Amino acid sequence: MLWKNTKHFLICQSIITGRMMNIFADFRARIEKSIRELMKQGVIADGADLSRISVEPPREESHGDMATNAAMVLGKFSELQPHDLAGKIADLLSEDEEIASIDIAGPGFINLSLAPSVWQGQVAHVLRAAKAYGNSDIGADKKVNVEYVSANPTGPMHVGHARGAVVGDALARLLERANYQVTREYYINDAGSQIDTLARSALIRMREALGEDIGDIPEGLYPGDYLIVVGQALATEYGAALLEKPEAEQVAVAKSKALPMMMEMIRDDLDALGVRHDVFLSEQSLHDSGAVDKSLNRLNEMGLIYEGVLEPPKGKTPPPDWEPSPQTLFKSSEFGDDSDRALKKSDGSWTYFAPDIACHLDKFERGYEQMIDVWGADHAGYIKRMKSAVTAVTAEAGNLDVKICQMVKLMRDGEPVKMSKRAGQFITLREVVDEVGKDVVRFMMLTRKNDAPLEFDFVKVQEQSRDNPVFYVQYAHARIFSVIRNASKIFGSIRDEDLANADMTLIVDPAEIALLKTISAFPRVLESAAVNHEPHRIAFYLQDLASTFHSLWNLGKERPDLKFIIDDKKNVTMARISMIRCCAFAIASGLDIMGVRPEEEMR
RNA sequence: GGUCCUGUAGCUCAACUGGAUAGAGCAGCUGACUUCUAAUCAGCAGGUUGGGGGUUCGAGUCCUCCCGGGAUCACCA
């Protein structure tokens, strides 16, 4: 009983929030209806595969609003030639009043031009959905785990981490908007030798805090100033007595102090970017709980683990100290990897790979069949083994997608930013956010697809010009609010509720309809971005939408009859305000996915 | 040498994963400001998609071989 109500609620909500308003999906359904009719008539064979049918905006504007390859794809299920089959489909579709004209082109494309009423009608949907405009149901409430950042807790985050953080967070937001149940996860590498190094580095700083002259930080330890406070904390809490204890105990104590402090610092940095995780999974906990043993046992039962000796790496530069030694290996080569991979080092301790497998099995057992990891480009070489392991350990029920973030090149007015050569001195994430603001960082990190390198210019990203996509999109949004403010001065306050009553049949000019069309494309963009795990598509779309808007705004200079505000025509003004309000909602909705706050004023 | 990214207008990048005549911005010319903020816009020009071969109705996109750029390559994470 309860679930029925819940489901009913979800359906209502999906209508309220604008889900299922994807106009392309709508017309695809109409096309499929015609095809089923032709199946009944025996023109198309029963059981024809409809999955390869696409309904999309044609590249060429003169080809209409929508194009489908249906007749071409279904050619082999019919005795008719694709071109003739297209004619049959077109005949049925022509009964649809919302289709203004149908054209059959090339080898059998069916091009549809939609009636203005279709585009005018979109306004009501967008206004109702408001900032939820574009939401989709393709996720069907399925669980997805997105793991991102996962920086080693040995120091502050640098710019490279920022990209992964933004991409992961935007991807999570995007999937939520497509009705996936998303968990944001951070895997803490708190068990490796680098944590011992962290502890030793903190102990040096503790001596320093106790007044000892430590000189230069020894080679191999972390020299960064950020450890000074950790040393002070250790000194305050434990005093010199700690240094009398056996070394192993000192390290253990330092570790227990330094680790939480590092994680707190990282969380603060992420917070400055507006990035938060739901789950912090500790590698050490996977060892302690026996999860590592468990996942390895599982692979062992499958016969995928053996003791063996790996070939030296192929090529002309084998490591100088390479020597063959038997190790515990996973047969990842059976799952598409180039070689089998070591689970244990030659001394019998675990490699990092083993707990990584446990980590993903843990996610799977928590209900995430779909997992997405966002990694830096330097980890690209591990994709195959990790995917292999996930496939194996979940008996092919789990799926892992790995998004690789290429490097960020920091520039200042066209010149590369020089990094200090002193070890430990990077440009930190915090410095970048402090200088340009989180919204700018977030937007810029999404202006390139994740696997392409990205240039980030401190000067350009703060310019108020066409060159700067952040400004350009924000300005479009602010400009709309400016117009609404001006209109309010003439016609009295304008509330969103009032706009729903506007007479949209007054929107007829092709330039105006063009804006409505671009706005209407958003749900489709959102879906394709979600399906492909590519949040950057939202950024590109917003630039396109902003451009269409600015273009229409300027058209009002040449043709005053197309200005948004016509002093003596309230009906026309209200219709146009409704139209641009929808544009603002689409921008706000897209920016929300990127985690960027829309501006209502640009002073 | 292996693997993975990558190569598209002078420059920076798109192209909805196989669709029609490959699109934007910058830079370069030409034009529009007592503004619904010109912080913007319109127009012109710019191409053998690194190269060759293949798959099919159709290829920037898929397969293959070359050429160039980047990342990575037992026992570090």
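Each chain gets a letter, A, B and so on, in the order its sequence line appears, and its residues count up from 1. Just so you know, these numbers come straight off a predicted model, no measurement behind them.
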ask   = Distance under 6.0 Å and angle within 45° of the ring axis: does A:Arg341 meet both against A:Phe353?
value =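 Not flagged: A:Arg341 not positioned over aromatic ring of A:Phe353.
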ask   = Are A:Gln327 and A:Leu310 side-chain neighbours, meaning at least one heavy-atom pair lies under 4.5 Å?
value =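 Of all side-chain heavy-atom pairs linking A:Leu310 with A:Gln327, at least one is under 4.5 Å.
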request  = Measure the distance from CD1 on A:Ile383 to P on B:rC73 and round it to the nearest whole Å.
outcome  =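 Rounded to whole Å, this separation is 14 Å.
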request  = Using a 4.0 Å heavy-atom cut-off across all strands, classify A:Pro57 as base, sugar-phosphate, or nothing.
outcome  = base
key: Spacing of the C1' atoms in B:rU55 and B:rG69 (rounded, Å)   =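 To the nearest whole Å, 29 Å.
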message = By the 4.0 Å heavy-atom rule, please label A:Arg448 as base, sugar-phosphate, or nothing.
response = sugar-phosphate
inquiry  = On the six-membered ring of A:Phe564, is A:Arg576 placed so that its NZ or CZ lies under 6.0 angstrom from the centre and within 45° of the ring axis?
reply    =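 No, cation not above the ring by the 6.0 Å, 45° rule.
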ask   = A:Ala377 near the nucleic acid: base, sugar-phosphate alone, or nothing, with a heavy-atom cut-off under 4.0 Å?
value =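 Sugar-phosphate contact only.
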task = Could you tell me how the ring of A:Phe540 sits relative to the ring of A:His536: parallel (under 30°), tilted (30 to 60°) or perpendicular (over 60°)?
result =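 Aromatic pair A:Phe540/A:His536 classed perpendicular.
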ask   = Considering only B:rA74, B:rU40, B:rC76, which nucleotide approaches the side chain of A:Tyr382 most closely?
value =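 Minimum distance to the A:Tyr382 side chain belongs to B:rC76.
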inquiry  = Of the listed nucleotides (B:rC36, B:rC16, B:rC26), which one gets closest to any side-chain atom of A:Arg466?
reply    = B:rC26
query = Pick the nucleotide of RNA chain B nearest each of A:Gln406 and A:Leu310; which residue has the one closer to the 5' end?
reply = A:Gln406
ask   = Tell me: CG of A:Leu198 to P of B:rA77, nearest whole Å?
value =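 Whole-Å distance recorded here is 14 Å.
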query = In whole Å, what separates the C1' atom of B:rU48 from that of B:rC26?
reply = 25 Å
message = Applying a 4.0 Å non-hydrogen cut-off, can you work out what A:Ala191 is touching in the nucleic acid: base, sugar-phosphate, or nothing?
response =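 Here A:Ala191 touches no strand at all.
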ask   = If you measure from the P atom in B:rA15 to the same atom in B:rG52, how many Å do you get, rounded?
value =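 Straight-line distance between the two P atoms is 24 Å.
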5'-most by nearest nucleotide on RNA chain B - A:Phe109 or A:Ser465 = A:Phe109
ask   = Base, sugar-phosphate, or nothing for A:His63, non-hydrogen atoms under 4.0 angstrom?
value = base
task = Please work out which of the three classes, parallel, tilted or perpendicular, describes the rings of A:Tyr352 and A:Tyr382, given edges at 30° and 60°.
result =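 A:Tyr382 vs A:Tyr352 ring planes: perpendicular.
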key: Nearest-Å distance once atom C1' is located in both B:rC44 and B:rU6   =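 Their C1' atoms lie roughly 33 Å apart.
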inquiry  = Using atom P in both nucleotides, what's the gap between B:rG46 and B:rG19 to the nearest angstrom?
reply    =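 One P to the other, the span is 27 Å.
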Span that lies between the P atom of B:rG23 and that of B:rG68, in whole angstrom =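 Result for the P pair: 32 Å, nearest Å.
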ask   = Checking all strands, does A:Glu283 fall into the base, sugar-phosphate, or nothing category for heavy-atom contacts under 4.0 angstrom?
value = sugar-phosphate
Residue A:Arg537, side-chain atoms from C-beta onward, closest of B:rC16, B:rC75, B:rU40 = B:rC16
key: Distance in angstrom units between A:Asp544 CG and B:rA14 P, rounded   =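 The answer, rounded to whole Å, is 15 Å.
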query = A:Glu534 near the nucleic acid: base, sugar-phosphate alone, or nothing, with a heavy-atom cut-off under 4.0 Å?
reply = base
